[in-house]
Amino acid sequence: MIRVLGDIDAAEDAVQDAFATAIRRWPVEGTPPSPAGWIITTARNRAIDQLRRESTRADRHAQAALLHTPDEPAPYAGSGPDEEGPVRDERLRLIFTCCHPALAPAARVALTLRLLGGLSTAQIAHAFLVPEPTMAQRLVRAKGKIRAARIPYRVPAEADLPDRLQAVLAVLYLVFNEGHTASSGDRLDRPDLAVEAIRLGRLLAELMPDEPEVLGLLALMLLVESRRPSRTGPDGGLVRLAEQDRSRWDRRLVAEGQALVRRCLRRDRPGPYQIQAAINAVHSDAATAAETDWAQILQLYDHLLAIAPSPVVALNRAVALAEVAGPAAALALVDDLDLGGYHVFHAVRADLLRRLGRTAEAALAYDAAAALTRNAVEQDFLRRSRRALPGTA
Amino acid sequence: MQQYLLSIYQGDGEPPGPEILDPIMENLAALNQEMKAAGAWVFAAGLHPASTATVLRHHDGEVLMTDGPYTEGKEHLGGFTVIQAPDLDAALEWGGKLARAIGLLPIEVRPLADEAESCDPPRA
């Protein structure tokens, strides 16, 4: 029993480290090309001015409501985006309070899910592979810090907004990613988390319609989410983008995501989320995998690599390069990347080696990839791919 | 208003020479002045090195005295400032100014417990 718990703790630490690293890296990688553009946002949205004008008394009242009902359902769970006035502002404040930089990154995600997503402590603990008491304690600590240290319950001043908004976007993106491909477990995804991230993204986009990266993140999530029906086969197994039945993509989400991409790119302040959304829009444009405009995707990755360089972006760019210039050119780039601990790196290498006919090396790479993911559906996919290699039993 | 303790942690060992220390002390004096003018300053002090500390413990009706400091470590509290501020963001603003004034040393910002929560006798 103790040994089992030890394993759980180790798993918890690993997951938390991964999230913490991602959250540290995103704000850095996500720094837009023109930081001033963030500050001098055109037509600063009215919500912020309204918030500033609101009385301290209402502020305190809402804060008290937030902090003194730790075990009741989240205050605004389930209410639609059509509600009027102050309720929406309070939600925005709540998002920024949950994502205050003085809180630990892991606590920011958990608090956002708890207070805005209305997820129970048990659900959040499950999503993050943490024993429920651990998550409960983490939430209590974070709420205690908000109360005792007086973390303000408000949208930060304009000058602070770029940094804080980055943290908020990073949290939503992490929540969505965990929903899209769970870091462990026997299902590929956790739709509840993906849906929640999109709901919060819509809220943020409604409240801050002038922030192109907010629209970009929402578009990215909608376009990726549109493929959920075809990402798994009847047996629950993973189906790659190239093999997906595109008639099962959710056209409504595709149309909404593409419209958002066009809207935010018109502002001509492209950031990482907008570019990733644009890449996904290109995929959505292709009626079949063969019709994919890989040259355009490669150009977008070049742009992404220029404004937000990271090994992971370079890896994704190499996948696009393989379609344009062949697997050999891509493999040369991939082999130079320092991503040995990342299962997707080995999966990409395996696929490139397979296409080059280097079967034995491909098998080793599939093994390495399967050993590094704790998602059973991904593991199964990688093992199937390995068995499908010619000349291996 | 909430009161916050801004703690300055410094490595043990010889303090830096006047060419480094003097400008820092000037910065600190200026910051204290700024805090006072803004109504944020409550109290501030620097401490002698941690090796000058003595630890007292009650044990079996007697108080034991040992050479301090209490915590093992290479860094210890070197000085502190108590300020009052409306919320954490305002306190962090002052904490940031203190960090800039001192340069290399980290500043810990921590709220003082409310009077109602503390064990001080009520004040008249």
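Only a predicted model underlies this, so the values are computations on that prediction, with no experimental measurement involved. Note on naming: letters A, B, ... go to the chains in the order of the sequence lines (proteins, then strands), and numbering restarts at 1 for each one.
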Which bit of A:A149 is near chain B, if near means a heavy-atom gap under 4.5 Å: side chain, backbone, both or neither?
both
With a 6.0 Å cut-off (strictly less than), is the heavy-atom count around NE2 of B:H48, excluding the residue itself, greater than 12?
no
Just wondering, more than 12 heavy atoms not from B:L64 lying within 6.0 Å of its CG?
yes
Among pairs that include at least one residue of residues 59-69 of chain B, which meet side-chain hydrogen bond (donor to acceptor under 3.5 Å, both in side chains), considering only residues two or more places apart or in two chains?
none
Tell me whether B:E93 at atom CD has more than 12 heavy atoms from other residues, nucleotides or ligands lying less than 6.0 Å away.
no
Against chain A, residues from residues 1-39 of chain B with at least one heavy atom under 4.5 Å, in numeric order, are B:M1, B:Q2, B:Y4
Enter the distance from B:L92:CG to A:H100:NE2 here, rounded to the nearest 0.5 Å.
6.0 Å
Rounded distance (nearest 0.5 Å) linking atom CD1 of A:I146 with atom CG of B:L88
10.5 Å
Testing A:R150, A:R154, A:R147 one by one against B:D87 for a salt bridge (charged side-chain N to carboxylate O under 4.0 Å, His left out), which residue passes?
A:R154
